Amino acid sequence: MTVNFPPGFLWGAATAAYQIEGAADEGDRTPSIWDTFSRTPGKVLGGDTGDTATDHYHRRSEDVRLMAELGLGAYRFSVSWPRVQPTGRGPASRAGLDFYRALVDDLLDHGITPVLTLYHWDLPQELESAGGWPERGTAHRFADYAHLVAKALGDRVELWTTLNEPWCSAFLGYGSGVHAPGRTSDLAALRAAHHLNLAHGLGAQALRAALPSRARISVALNPAAVRARTDAPGDLDARRRIDALATRIFTGPLLDGAYPADLLADTARITDWSFVHSGDLDAIGHSLDALGINYYAPSLVAAATDNAPLRADGHGGERSPWPGAEGVAFHRPPGKRTAMDWSVDPTGLHDLLMRFTREAPGLPLMVTENGAAYDDKPDGSGAVHDPERIAYLHAHLDAVRRAIADGADVRGYFLWSLMDNFEWAYGYSKRFGAVYVDYATQARTLKSSARWYAQVVRTGQLPPY
Ligand code: GBH
């Protein structure tokens with residue numbers, strides 16, 4: 001069956017500032033929590049840091065030409081907060097803003113729609129030293145920062161995303177500690193989650209005040225496609241708990257104007273949630289023009305029968321990123337796996353798109369990230385063949401197509417990632433790119449998946465598989 005994606009569908013690829021820019025000490029940039037964290041021995045695999053990353057800061061024009069070669073209609077990137085507002089407060093850095101002005105101009109010159117994310121995990125270290133996301137003031141600092149970026153780029157950027165995956169910022173950053181700033185406190189993680197929600201709400205208000213009315217505001221969540229291992233009540237309850245902590249802790253305030261009652265009950269041992277002030281939920285609700293969904297893999301849970309420890313985020317950390325989910329065991333979903341050891345299951349993406357179609361009727365959806373890591377290596381001629389990634393992308397795009405056919409209003413798809421990059425706690429050991437990066441020379445090579453994706457973008461349809 002040949003099916004076209006809707007006209008105007010945005011075909012894109014995504015990156016994030018700390019993962020690609022490098023130039024950590026250039027311009028007025030100060031350290032972010034990821035500089036501090038990655039420079040701390042033992043935190044990132046191989047001791048890797050984003051100091052140089054893929055040197056995108058210096059290779060911006062070459063990288064935009066690559067995007068044009070792929071025929072991308074859109075590019076999702078993030079702004080480094082400590083590059084454009086070095087201390088996290090006060091005036092903007094001219095040098096910092098100039099970099100993003102030049103990037104956006106390059107994109108527009110090539111007919112590529114810029115999709116700007118304000119926060120992809122690189123909090124200025126000075127704000128962390130003042131308490132970070134567990135402190136309410138950080139949400140206000142974020143709104144000021146949002147205003148400053150909107151003033152600088154609002155004349156040429158229409159699509160704005162406040163936060164990328166606030167779950168990771170809160171629960172990996174402050175709960176399990178496998179991400180920056182590496183704190184391990186259940187209470188701090190829950191406070192961080194609320195202040196990230198509040199930052200989104202106040203940030204959206206600041207954007208509306210500064211942007212022309214055509215601007216569109218979204219947030220990119222990583223909702224869990226979580227399944228119960230059986231229909232036994234204990235397993236279904238495990239599923240409910242993880243769904244609350246992964247997804248409804250964000251969509252509750254965003255879509256329903258309240259935190260879910262079961263989440264409050266599950267976490268009552270940790271907090272009475274008195275850090276939620278009156279008025280906060282009004283600021284957070286009714287703030288979205290679109291919802292971004294990042295999807296990689298499903299999770300499979302069950303009641304822990306034998307005191308099985310909670311699996312943290314698949315990386316070294318022994319602490320759980322799931323406060324209040326004691327008694328939940330994570331199991332390995334069946335099926336094929338990527339180099340992250342995540343299972344390949346596109347039905348999770350279809351399910352999520354249909355879920356938000358039901359739960360947020362009328363709200364446009366966007367797949368803001370989807371992709372996979374594989375052990376890519378150049379062959380003798382320097383070509384990089386990644387048939388597994390093509391299979392992954394094909395299957396997931398097919399899931400998007402099916403969701404659209406089933407009534408989901410999906411406006412775009414962003415492959416993660418444009419190029420190989422700094423994969424957070426895994427450093428450079430995991431490659432998610434459609435473009436291969438030789439870190440010794442910074443040479444970029446299109447993988448076969450990039451050529452495949454270029455064809456999908458050009459034709460607007462999936463080739464037979
Ligand atoms: C995204 O994070 C990021 O936005 C991006 O920067 C990153 O490079 C990319 O994906 C690839 O990792 O149920 O406990 O097993 C995705 C992070 C990974 C967080 C899977 C949730 C499963 C948690 N997600 N993880 S668990």
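Keep in mind that what you see is a predicted model, and the values were worked out from it rather than measured.
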Q) Hey, is Asp420 close enough to Lys430 for a salt bridge, meaning N to O under 4.0 Å? A) no
Q) Hey, is Glu128 close enough to Arg183 for a salt bridge, meaning N to O under 4.0 Å? A) yes
Q. Judged by modelled atom types alone, do Thr117 and Asn164 share a side-chain donor-acceptor pair under 3.5 Å?
A. no
Q) Of Arg156, Arg65, Arg60, which meets salt bridge (charged side-chain N to carboxylate O under 4.0 Å, His left out) against Asp106? A) Arg60
Q: Evaluate the criterion side chain to side chain donor-acceptor pair (under 3.5 Å) for residue pair His58 and Glu26; output intermediate values, then yes/no.
A: CA-CA 11 Å; His58 299 114; Glu26 284 186 54; 3.0 Å; yes
Q) So Asn370 and Tyr392, side chain to side chain donor-acceptor pair (under 3.5 Å) or not? Walk me through it. A) CA-CA 9 Å; Asn370 176 242; Tyr392 180 99; 3.2 Å; yes
Q: May I ask you to decide whether Asp48 forms a salt bridge with Arg39, counting only side-chain N to carboxylate O separations under 4.0 Å?
A: no
Q: Answer yes if the side chains of Ser287 and His200 hold a donor-acceptor pair under 3.5 Å, and no otherwise.
A: yes
Q: Run the salt-bridge test on Arg83 and Asp28 with the 4.0 Å N-O cut-off and return the result as yes or no.
A: no
Q.
I'd like to know if Arg241 pairs up with Asp243 as an ion pair, taking the criterion as any Lys NZ or Arg NE/NH1/NH2 lying under 4.0 Å from an Asp or Glu carboxylate oxygen.
A. no
Q) Under 30°, 30 to 60°, or over 60°: which ring-plane class applies to Phe275 and Trp273, parallel, tilted or perpendicular? A) tilted
(Q) Please verify the inter-ring angle class for Phe142 with Trp81; under 30° counts as parallel, over 60° as perpendicular, anything in between as tilted. (A) perpendicular
Q: Using a strict 4.0 Å threshold on nitrogen-to-oxygen distance, state whether Asp55 and Arg59 make a salt bridge.
A: yes
Q.
Does this structure show an ion pair linking Asp262 with Arg240, if we count only N-O contacts that are shorter than 4.0 Å?
A. yes
Q: Answer yes when Glu369 and Arg76 have at least one side-chain N-carboxylate O distance shorter than 4.0 Å, and no when they do not.
A: yes
